Q: 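Here it is: the structure, laid out below.
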Amino acid sequence: MSLPIVHAHEWDVSTAEARTIQEQLASKVQTTHLDETYDRPVRTIAGIDVSIRGGIAQAAVSVLELPDLSVAAESVHRCDIPFPYVPGYLSFREMPAILPALDQLAQDMGALPDVLVTDSQGRAHPRRFGLACHLGVVLNHPSFGVAKSILTGEPLGTLSTEKGSTVPLVDGDEQVGVALRTRANVNPVYVSIGHRITLEEAIDLTLRVSPRYKIPETTRHAHRLSRQET
DNA sequence: GCGACAG
DNA sequence: ATCTTGTCGC
């Protein structure tokens, strides 16, 4: 069974149209707990990354099993770059490559991994609809984003240097995510929810898959995969 | 108008 | 993101 939504999306849009799509889909984001989706602990988590080379986008997904973080599956998909890089519209550039890769993965595994993680913002976005939200809503699947820098908002207060410490990431009067220290004395990452997950759960998962490095192991694997030649 | 700006 | 070697430091 493939993911029907993969072929049901129109990505050839203008920035103005993309903005309208984001504003309309942003209201569909669900902030429910993972236990409303699963009656068991999270077992698989997918790291997703896209590399751009020579006008071609290559998306890679690597699935890790919890709690041991062993690699359970991988998938890669290439396509032409459909959209330029415009801050705030990353999903329109990367999702056309990501969705087919996830489709293939779902066929290989029989289902999507429990949670999807992307190198991006989720709700910490000008219209509260970053790539992590877009992916989650389109697939109606739990997702969240882990970014290395801020797109919008600012840390509320000073983050202590200890591993696991957090500080709210606020945009105007609302909290859109957190700055999270995944390792002592290294720059923080910015975590925000995508869909069907809580910020607390996203933070917990990020720490569980980042026992050695600043960024999640899922992301490291996917990043290397996405840069592989063929 | 000026500066900021995920990957 | 990508172009790219060595190097300083825990």
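Naming: A, B, ... by sequence-line order, numbering from 1 per chain. Nothing here was measured: the structure is a model prediction, and the numbers come from that model.
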Q: Base, sugar-phosphate, or nothing: which does A:Leu131 touch, judged by heavy atoms less than 4.0 Å apart?
A: base
Q: Enter the distance from A:Ile52:CD1 to A:Ile81:CD1 here, rounded to the nearest 0.5 Å.
A: 4.0 Å
Q: Between A:Ser149 and B:dG7, is there a contact of a side-chain N or O with OP1 or OP2 at under 4.0 Å?
A: yes
Q: Across the strands shown, which category fits A:Arg227 at heavy-atom distances under 4.0 angstrom: base, sugar-phosphate, nothing?
A: sugar-phosphate
Q: Roughly how many Å is it from CG in A:Asp171 to C1' in B:dC5, rounded to a whole number?
A: 13 Å
Q: Between the base of B:dG7 and the ring of A:Tyr85 - centre-to-centre under 5.5 Å, planes within under 30° - is that a stack?
A: yes
Q: Between A:Phe92 and A:Trp11, how do the two ring planes meet: parallel, tilted or perpendicular, split at 30° and 60°?
A: perpendicular
Q: Using a 4.0 Å heavy-atom cut-off, does A:Phe92 contact any base of the nucleic acid, only the sugar-phosphate backbone, or nothing at all?
A: nothing
Q: Expressed in angstrom and rounded to an integer, what is the separation of A:Arg53 atom CZ from C:dC3 atom C1'?
A: 11 Å
Q: For A:Glu154 and B:dG3, what is the distance between atoms CD and C1' respectively, to the nearest whole Å?
A: 15 Å
Q: Whether A:Lys148 contacts B:dA6 is assessed here as follows: a side-chain N or O lying under 4.0 Å from the phosphate OP1 or OP2. Is that the case?
A: no
Q: Give one of base, sugar-phosphate or nothing for A:Gly88, where a contact means two heavy atoms less than 4.0 Å apart.
A: base
Q: For the pair made of NZ in A:Lys214 and C1' in C:dG9, what is the distance, rounded to whole Å?
A: 17 Å
Q: Please report the distance, rounded to the nearest Å, between CD1 in A:Ile150 and C1' in B:dG3.
A: 16 Å
Q: Between A:Ile56 (CD1) and C:dT2 (P), how many Å, whole number?
A: 14 Å
Q: How close or far is atom P of B:dA6 from atom CG of A:Asp119, stated in whole angstroms?
A: 12 Å
Q: Please work out if A:His223 contacts a base, only the sugar-phosphate, or nothing of the nucleic acid, heavy-atom cut-off 4.0 Å.
A: sugar-phosphate
Q: In whole angstroms, how far is the C1' atom of B:dC5 from the OH atom of A:Tyr190?
A: 14 Å
Q: Under a 4.5 Å cut-off applied to non-hydrogen side-chain atoms, are A:Glu23 and A:Phe129 in contact?
A: no
Q: Is A:Asp171 salt-bridged to A:Arg128, cutoff N-O under 4.0 Å?
A: yes
Q: Pick base, sugar-phosphate or nothing for A:Leu90, based on heavy-atom distances below 4.0 Å to the nucleic acid.
A: base
Q: List the steps and the verdict of side chain to side chain donor-acceptor pair (under 3.5 Å) for A:Ser91 and A:His134.
A: CA-CA 7 Å; A:Ser91 61; A:His134 204 153; 2.9 Å; yes
Q: At 4.0 Å (heavy atoms only), tell me whether A:Ser120 reaches a base, stays on the sugar-phosphate, or touches nothing.
A: base
Q: Please tell me which of A:Ser226 and A:Asn185 maps to the more 5' nucleotide of DNA chain C, matching each residue to the nucleotide holding its nearest heavy atom.
A: A:Ser226
